[in-house]
*Asks:* 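The structure that follows is given in the form of structure tokens.
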Amino acid sequence: MAILKHITDIIKNMKIIATVLFFLLSLSSIAQTYKATLVFRDSHREEGFVKSFIENRTITSGFSGSLEHELNLDDKTIKFKPSESGEFKAIPSDEIDEIILHQEKGNTAFKHILLKELSGKGEPKEGGRMVFLPYVKKGKINIYGIKYTETGSTGQGASYFSKGLRFYYQNANEDYALNYQNIGLTDLMNMESRIVNPFKDLFKDCPAMVNEMETMKNQMFQRNKEAKQEYKDKQKEFKNLPKEEQEKLINIHKYTFYAIERMFDKYEACQ
């Protein structure tokens with residue numbers, strides 16, 4: 001199906017290269033304190049202030065292989081204090097279910113969840129890494145997403161900055177999310193399976209959707225004028241949004257990964 005070819009093309013070009021002023025990098029690396037609510041696994045809550053995993057949104061080109069680790073999203077402890085004048089104490093991350101940051105532009109909730117990598121054929125691997133992922137959209141399929149900045153050198157003494165983003169998906173009935181967009185060069189050898197099979201795992205409690213995924217797998221590299229036109233129309237709609245709306249991950253996903261959202265909507269209606 002052409003829409004899945006569209007998904008493939010987007011994933012290969014997820015990074016948007018942009019030049020930014022150098023002082024922004026310095027500002028982004030300064031640890032900040034945020035008013036927050038901690039939701040513990042035993043369901044009790046504590047109000048106060050946190051830092052830790054939210055300290056860094058910038059990575060260096062050629063990072064270790066785990067974007068989430070480079071962004072401190074796998075912190076084992078959270079620095080927390082009950083009041084601005086109090087002293088920070090370290091709380092084990094394993095005790096926390098969610099962290100809700102209270103900011104001027106609204107709240108952001110981070111779920112502490114097991115993140116599973118995918119094999120070259122798109123099958124969830126055993127084990128995983130516990131990370132804090134910010135919600136983008138809640139539903140029968142939860143969508144998480146992050147933005148980050150990557151910096152490096154061109155090899156000729158000049159620096160560059162690249163803005164990137166990544167989305168993750170979780171069946172709300174499961175206790176893990178899938179690192180869907182972490183696609184390596186070796187995965188390209190089995191691209192049809194790598195793109196489609198994760199959805200078969202997400203939709204495994206809906207046989208009709210699993211069967212549809214298998215059909216899509218057989219048709220995913222077909223292209224047609226309708227699919228190309230739909231992509232152009234969606235991008236036009238996106239560019240007509242106010243600038244602040246274009247910055248929101250929920251809108252980036254809605255207008256860029258509309259084919260995935262369409263599948264999620266069909267799954268929501270599955271009986």
*Asks:* Decide whether N142 and Y168 meet the rule of one side-chain donor and one side-chain acceptor closer than 3.5 Å.
*Replies:*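 No - no donor-acceptor pair under 3.5 Å links their side chains.
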*Asks:* Could you check whether F49 and H102 have their ring centres less than 6.0 Å apart?
*Replies:*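 Centroid separation for H102 and F49: 6.0 Å or greater.
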*Asks:* Going by the angle between their ring planes, with limits at 30° and 60°, are Y180 and Y169 parallel, tilted or perpendicular?
*Replies:*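 Because their plane-to-plane angle lies in the 30° to 60° range, the rings of Y180 and Y169 count as tilted.
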*Asks:* Determine the interplanar angle of the F167 and F257 rings, folded into 0 to 90°, and report it as parallel if under 30°, tilted if 30 to 60°, perpendicular if over 60°.
*Replies:*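 Perpendicular, since the angle between the ring planes exceeds 60°.
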*Asks:* Would you call K105 and E244 a salt bridge, using N to O less than 4.0 angstrom?
*Replies:*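 Judged by the 4.0 Å cut-off on N to carboxylate O distance, K105 and E244 do not form a salt bridge.
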*Asks:* When you compare the side chain of T33 with that of V50, does any pair of heavy atoms fall below 4.5 Å?
*Replies:*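 Result no, sub-4.5 Å side-chain heavy-atom pair not found.
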*Asks:* Check the pair N251 / E245 against side-chain hydrogen bond (donor to acceptor under 3.5 Å, both in side chains), numbers first and verdict last.
*Replies:* CA-CA 7 Å; N251 289 328; E245 292 298 315; 3.0 Å; yes
*Asks:* Are I96 and I78 side-chain neighbours, meaning at least one heavy-atom pair lies under 4.5 Å?
*Replies:*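 Counting from C-beta outward, I96 and I78 do come under 4.5 Å.
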*Asks:* Going through the distances and angles, do D233 and Y255 end up as a side-chain hydrogen bond (donor to acceptor under 3.5 Å, both in side chains)?
*Replies:* CA-CA 9 Å; D233 292 343; Y255 289 97; over 6 Å; no
*Asks:* Looking only at the aromatic ring of each residue, does the gap between the centers of Y135 and Y144 stay below 6.0 angstrom?
*Replies:*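 Yes, the ring centres sit under 6.0 Å apart.
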*Asks:* Are any non-hydrogen side-chain atoms of K254 and Y258 less than 4.5 angstrom apart?
*Replies:*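 No. Closest side-chain heavy atoms not under 4.5 Å.
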*Asks:* Of the non-hydrogen atoms in P134 and G145, which two are nearest, and what is the gap between them?
*Replies:*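 Smallest heavy-atom distance, with atoms named: CG-O, 2.8 Å.
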*Asks:* Run the side-chain hydrogen bond (donor to acceptor under 3.5 Å, both in side chains) test on H253 and E261 for me, step by step, so that the C-alpha distance in whole Å, both residues' side-chain angles and the decisive distance to 0.1 Å come before the verdict.
*Replies:* CA-CA 8 Å; H253 194 275; E261 294 239 358; 2.8 Å; yes
*Asks:* Is there a side-chain contact between R166 and L67, using heavy atoms and a 4.5 Å cut-off?
*Replies:*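 A side-chain contact exists here, since the closest heavy-atom pair is under 4.5 Å.
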*Asks:* Just so I know, are the side chains of T37 and I99 near enough to count as touching, which here means a heavy-atom distance under 4.5 Å?
*Replies:*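 When only atoms from C-beta onward are counted, I99 and T37 do not touch, as no gap falls below 4.5 Å.
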*Asks:* Give a yes-or-no answer on whether the side chains of D97 and H112 include a donor-acceptor pair shorter than 3.5 Å.
*Replies:*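 Per modelled atom types, D97 and H112 side chains form no pair under 3.5 Å.
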*Asks:* Hey, are the side chains of Y267 and I141 touching, using non-hydrogen atoms and a 4.5 Å cut-off?
*Replies:*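 Y267 reaches I141 side chain to side chain.
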*Asks:* Do M130 and D74 have side chains that get closer than 4.5 Å, going by heavy atoms?
*Replies:*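 No. Closest side-chain heavy atoms not under 4.5 Å.
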*Asks:* Can a donor-acceptor pair be found, under 3.5 Å and without considering hydrogens, that links the side chain of S93 to the backbone of D75?
*Replies:*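 The answer is yes, because a donor-acceptor pair under 3.5 Å joins these two groups.
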*Asks:* Quick check: closest heavy atoms across S119 and R194, and the distance to 0.1 Å?
*Replies:*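 The answer is O-CD, 3.5 Å.
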*Asks:* Hey, does H69 have a side-chain heavy atom less than 4.5 Å from the side chain of L73?
*Replies:*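 No - every pair of side-chain heavy atoms lies 4.5 Å or more apart.
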*Asks:* State plainly whether the residues E212 and K266 are in salt-bridge range, i.e. N to O under 4.0 Å.
*Replies:*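 Answer for the salt bridge query: yes.
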*Asks:* How close do T77 and A90 get, counting heavy atoms only, and between which atoms?
*Replies:*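 Heavy-atom minimum between the residues: CB-CB, 4.1 Å.
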